[in-house]
Amino acid sequence: MTTHNAKPLPDVDHPQSRPGVGDVAKDVASGRIGVVMGEVGGRVQLRPMRGGIEWETMPGDVVAPRAREELSARLDVKNSNSRAGL
């Protein structure tokens, strides 16, 4: 019997680092998904995927969304744009 010392695959749904500016992120405190716009006064600013007014949350509440969550958010934007004729 041969044993393999294969490294485990990275967990794409749970990356190790917090999302940076321009990345899609989830605010676990509110459950909302948005784009990281920056950090001011120790709080992270996120903007809704569809655009609009930013909200702030604590850095510890900002995580990368699961692949399914991000896909769903992107599809929601695409469908909204389609209904608006964009």
Side-chain angles (χ1 to χ4, degrees):
M1 174 181 250
T2 306
T3 58
H4 298 282
N5 292 329
K7 293 181 181 177
L9 295 173
D11 187 350
V12 296
D13 280 341
H14 299 290
Q16 297 298 318
S17 61
R18 182 166 46 109
V21 173
D23 292 337
V24 175
K26 180 176 181 178
D27 173 3
V28 294
S30 69
R32 296 170 69 188
I33 293 179
V35 178
V36 178
M37 302 307 292
E39 192 168 333
V40 175
R43 297 179 65 90
V44 177
Q45 297 175 318
L46 294 137
R47 177 168 289 156
M49 296 281 294
R50 291 185 187 179
I53 299 173
E54 296 174 359
W55 79 93
E56 294 183 344
T57 191
M58 299 304 293
D61 290 335
V62 178
V63 299
R66 293 182 179 272
R68 177 176 281 181
E69 292 172 318
E70 182 173 349
L71 180 60
S72 179
R74 290 184 184 279
L75 184 58
D76 184 46
V77 170
K78 189 90 168 159
N79 287 338
S80 178
N81 288 344
S82 179
R83 284 189 295 271
L86 301 175

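Residue numbers run from 1 in the order of the sequence given.
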Nearest non-hydrogen partners of Arg18 and Pro59, listed with the distance: CD-O, 3.3 Å
Heavy-atom side-chain proximity of Pro19 to Val24 below 4.5 angstrom: no
Using a 4.5 Å cut-off on heavy atoms from C-beta on, say whether the side chain of Asp61 contacts that of Met58. yes
Starting from the C-alpha separation in whole Å, work towards a yes-or-no answer on side-chain hydrogen bond (donor to acceptor under 3.5 Å, both in side chains) for Asn79 and Ser82. CA-CA 5 Å; Asn79 287 338; Ser82 179; 5.9 Å; no
Does Asp23 reach the main-chain N or O of Gly20 with its side chain, forming a donor-acceptor pair under 3.5 Å? yes
Please tell me if the side chains of Lys26 and Glu69 come closer than 4.5 Å, counting only heavy atoms from C-beta onward. yes
Under a 4.5 Å cut-off applied to non-hydrogen side-chain atoms, are Gln45 and Val40 in contact? yes
For Arg43, is there an ion pair with Glu39 - N to carboxylate O distance below 4.0 angstrom? no
Side-chain contact test, heavy atoms from C-beta onward, threshold under 4.5 Å: evaluate it for Val44 versus Glu56 and give yes or no. no
Less than 4.5 Å apart, any side-chain heavy atom of Trp55 and any of Arg32? yes
From Ser72 OG over to Met49 CE, what is the distance, rounded to the nearest 0.5 angstrom? 9.5 Å
Would you mind reporting whether Val35 and Leu46 have side-chain heavy atoms less than 4.5 Å apart? no
Keeping Arg50 on the side-chain end and Ser80 on the backbone end, is there a donor-acceptor pair under 3.5 Å? no
Could you check if a side-chain atom of Val62 sits within less than 4.5 angstrom of a side-chain atom of Asp27, using non-hydrogen atoms only? no
Same hydrophobic cluster for Val77 and Ile33, using side-chain heavy-atom links shorter than 4.5 Å among ILVMFWY? yes
